[in-house]
Amino acid sequence: MNRRKFLTMAAAAAAAAPLAACGSSKSSGATGAKADDNAPVELSISVWSLASTPEFQALFDAFHQANPNITIKPVDILSNDYETKLTTMLAAGDTTDVITVKNVIDYAGYAGRGQLKDLTSAATSADAAQLSGLASFKEKDGKYYALPYRQDFWVLYYNKKLFDAAGKQYPTNLTWDQYADLAKSLTSGSGQGKVYGTYHHTWRSVVQAISAAQTGGDLLGGDYGFFADQYAMALGVQNAGATIDFGTATTQKTGYASVFEDKQAAMLPMGTWFIAKLLADKKAGKTDVDWAIAPMPQRPGGSGITTFGSPTAFAVNKKARHSEAAEKFVKFAAGPEGAKAIAAIGVVPALLTDQTRQTYFGLAGMPADDTSKKAFKPDKVTLEMPVSDKTSKIDKILTEEHQLVMTKQKSIDAGIKEMGSRVKDETS
């Protein structure tokens with residue numbers, strides 16, 4: 001489950017409809033204009049839900065300011081249609097210059113079909129060595145066809161006032177058992193006024209990805225016994241009424257952001273991309289939730305903080321009209337200037353240095369406590385879903401079986417057994 005696929009709200013623009021260029025622009029009309037020419041260049045970049053994904057505009061504005069002769073024409077696609085639409089565009093020979101790579105699963109397809117420009121030289125430079133998530137874009141041939149500009153990972157959000165009201169200490173280094181007990185004790189009320197101790201969103205990653213990360217389990221391997229403890233915890237919390245029932249959340253299309261911002265849940269395991277929305281919504285007066293973050297709960301006996309996440313990247317279309325300008329943008333976005341631009345709006349950059357973290361936690365509305373800062377320096381971040389030519393089909397199988405287990409149509413053991421059977425049939 002792509003960790004940002006359900007974050008953005010529907011954009012007002014129609015799928016793939018180009019928007020007005022950022023800055024004052026004139027189309028160069030000259031295919032292949034060099035990035036260092038003084039002649040105007042209009043650079044097209046594919047994005048999703050531009051109106052509700054502020055990182056794009058922040059990067060575009062910063063890049064245009066540094067390169068006044070290059071203006072940007074976003075090709076805006078609805079978030080839920082993005083991967084399908086982009087796959088169709090590239091297959092048809094579309095010449096959009098820069099491709100935003102929403103997840104590594106789709107990246108593997110684009111790169112494998114030879115649709116992206118080789119960026120190995122940039123990816124193996126000294127400047128790129130600090131990029132979190134870079135290894136995810138190394139192909140079997142040893143080459144790189146994209147550079148990450150952001151790297152999200154999962155943390156535990158919590159509502160400080162709900163903890164205070166319940167007389168509970170803020171979470172710091174929880175085990176999953178402690179987390180489950182805390183969720184039950186923080187649950188209160190009933191009906192429309194009920195406050196849940198936590199909220200588990202419907203994505204399978206909430207159970208499966210964190211389980212794989214913290215046990216070393218292989219999500220592509222077909223043996224899923226390592227899921228059992230995490231499913232037992234998740235169903236135990238659900239059975240106790242300490243989170244919204246999975247079936248209800250699915251049917252009502254419950255949004256995790258609204259649950260937390262409306263103070264319906266005291267805790268929320270979720271990706272760091274949610275921080276930008278929290279900051280923006282508090283600034284706009286849409287919520288007054290008093291929040292902070294802690295590291296994701298860990299398995300008993302574990303050492304350090306292990307979580308999971310996924311990078312987001314930019315790539316250059318092999319058929320780009322302005323290939324050199326496109327590569328210049330990709331390097332800019334992955335570099336210190338790009339990192340500064342998105343950190344300034346609460347988005348986690350792939351170049352997450354101490355300086356970037358300082359900028360990030362200096363934002364108005366960011367929690368300043370030591371635990372929140374610790375959550376931002378996990379010891380290990382594993383990839384949400386490994387990449388192979390079977391990943392997409394395995395992801396679908398695991399999602400389908402996850403839904404059956406969480407709605408109690410199958411027992412944990414039966415669901416895990418069926419996952420393994422179906423995945424082994426698929427990969428044999």
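Because only heavy atoms are used, hydrogens play no part in the values below, and waters and symmetry mates are left out as well, while side chains stay in. Please read all numbers here as calculations on a predicted model, not as lab measurements.
- There is no side-chain donor-acceptor pair under 3.5 Å between Asp118 and Tyr144.
- Residue Thr187 comes nearest to Gly197 through the heavy atom pair OG1-N, 2.9 Å, listed as atom of the first residue, atom of the second, then distance.
- Closest heavy-atom contact between Ala128 and Ala122: CB-O, 3.4 Å.
- Inspection of the Thr312 and Lys102 side chains reveals no N or O donor paired with an N or O acceptor under 3.5 Å.
- Taking the six-membered ring for Trp and the full ring otherwise, His402 and Phe227 have centroids separated by 6.0 Å or more.
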**Message:** Go through it in stages, so that I can follow the logic: the residues are Phe153 and Phe308, the test is ring-ring contact (aromatic ring centres under 6.0 Å, His included), and I'd like the CA-CA distance, side-chain angles, deciding distance and then a yes or no.
**Reply:** CA-CA 6 Å; Phe153 51 89; Phe308 71 93; over 10 Å; no
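- Ring centroids of Tyr158 and Tyr170 are separated by less than 6.0 Å, placing the two rings close together.
- Here the closest heavy-atom approach between residue Gln178 and residue Asn173 is recorded as OE1-O, 3.8 Å.
- Within a 6.0 Å sphere centred on CG of Asp370, heavy atoms belonging to other residues, nucleotides or ligands number 12 at most.
- Annotation: His64 is not in aromatic contact with Phe332 [ring centroid separation under 6.0 Å not met].
- Judged purely by distance below 3.5 Å, without hydrogens or angles, the side chains of Asn317 and Lys117 never pair a donor atom with an acceptor atom.
- The side chain to side chain contact (heavy atoms under 4.5 Å, CB included) test with Ile342 is passed by exactly one of Thr356, Leu351, Val347: Val347.
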**Working for ring-ring contact (aromatic ring centres under 6.0 Å, His included), residues Phe246 and His200** = CA-CA 8 Å; Phe246 184 94; His200 292 164; over 10 Å; no
**Request:** Report the C-alpha separation of Leu50 and Val47 in whole Å, then their side-chain angles, then the decisive distance to 0.1 Å, and conclude whether the side chain to side chain contact (heavy atoms under 4.5 Å, CB included) test is met.
**Result:** CA-CA 6 Å; Leu50 182 68; Val47 300; 4.2 Å; yes
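- Comment: Glu401 engages Arg422 in a salt bridge, judged by a side-chain N to carboxylate O separation of less than 4.0 angstrom.
- Between Phe56 and Tyr149, the ring planes are tilted. Angles from 30° to 60° get that label.
- Among all heavy-atom pairs drawn from Ala242 and Ala183, the shortest one is CB-O, 3.7 Å.
- When atom types are taken as modelled, the side chain of Tyr157 and the backbone of Ala292 share no donor-acceptor pair closer than 3.5 angstrom.
- The pair Arg357-Asp354 counts as a salt bridge, with a side-chain nitrogen and a carboxylate oxygen less than 4.0 angstrom apart.
- At least one donor-acceptor pair under 3.5 Å links the side chain of Ser428 to the backbone N or O of Asp425.
- Judged purely by atom type and a 3.5 angstrom limit, Lys194 uses its side chain to pair as donor or acceptor with the backbone of Gly241.
- For Gln238 and Thr243, the side-chain atoms include no donor-acceptor pair closer than 3.5 Å.
- Although no hydrogens or angles enter the test, the distance criterion places no donor-acceptor pair under 3.5 Å between the side chain of Thr306 and the main chain of Ala213.
- Side chains of Thr87 and Thr84: a donor-acceptor N/O pair is absent below 3.5 angstrom, by distance only.
- With no hydrogens or angles considered, no side-chain donor-acceptor pair links Asp281 and Thr287 at under 3.5 Å.
- The line from CZ of Phe63 to CG of Leu59 is 10.5 Å long, rounded to the nearest 0.5 Å.
- Using a 4.5 Å cut-off on side-chain heavy atoms (C-beta onward), Lys73 and Leu43 make no contact.
- In this structure, Glu400 pairs ionically with Lys396, as a charged nitrogen and a carboxylate oxygen lie closer than 4.0 Å.
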**Request:** Applying salt bridge (charged side-chain N to carboxylate O under 4.0 Å, His left out), run through Lys424 and Asp223 and close with a yes or a no.
**Result:** CA-CA 9 Å; Lys424 287 174 182 176; Asp223 294 316; 2.8 Å; yes
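- Between Asp288 and the options Lys161, Lys263, Lys282, a side chain to side chain donor-acceptor pair (under 3.5 Å) holds for only Lys263.
- The CG atom of Leu235 lies 5.0 Å from the CD1 atom of Ile412; values are rounded to the nearest 0.5 Å.
- Donor-acceptor pairing under 3.5 Å is lacking for the side chains of Ser125 and Asp127.
- One distance of note links OG1 of Thr391 with CG of Leu220; it measures 4.5 Å at 0.5 Å rounding.
- Between Leu219 and Leu398, the shortest heavy-atom contact is O-CD1, 3.7 Å.
- There is a side-chain donor-acceptor pair under 3.5 Å between Gln214 and Trp176.
- If you check the side chains of Tyr145 and Gln115, you find no donor sitting under 3.5 Å from an acceptor.
- Remark: the Gln355 side chain and the Thr353 side chain contain no N/O donor-acceptor pair separated by less than 3.5 Å.
- Under the 4.0 Å criterion applied to side-chain N and carboxylate O atoms, Lys393 and Asp395 are not assigned as salt-bridge partners.
- Nearest heavy-atom pair across Ile345 and Ala276 is O-CB, 3.6 Å.
- A salt bridge links Glu327 and Lys331; the closest N-O separation between the charged side-chain nitrogens and carboxylate oxygens is under 4.0 Å.
- One N or O on the side chain of Ser388 and one on the backbone of Lys390 form a donor-acceptor pair closer than 3.5 Å.
- Electrostatic pairing of Asp81 and Lys85 does not count as a salt bridge here, judged by no charged N lying under 4.0 Å from a carboxylate O.
- Side chain of Ser323 to backbone of Ala320: no donor-acceptor contact under 3.5 angstrom is found.
- At least one donor-acceptor pair closer than 3.5 Å links the side chain of Gln298 to the backbone N or O of Met296.
- Aromatic ring centres of Tyr199 and Phe260: separated by at least 6.0 Å.
- A donor-acceptor pair is defined here as one N or O able to donate and one able to accept, closer than 3.5 Å; no such pair exists between the side chain of Asp290 and the backbone of Lys160.
- A donor and an acceptor atom, one from each side chain of Ser46 and Tyr82, are located under 3.5 Å apart.
- Trp291 has its ring centre no less than 6.0 Å from the ring centre of Phe274.
- The list of salt bridge (charged side-chain N to carboxylate O under 4.0 Å, His left out) pairs with a residue in residues 227-237, not counting sequence neighbours, reads Asp229-Arg299.
- Between Trp154 and Ile210, every side-chain heavy-atom pair lies at or beyond the 4.5 Å cut-off.
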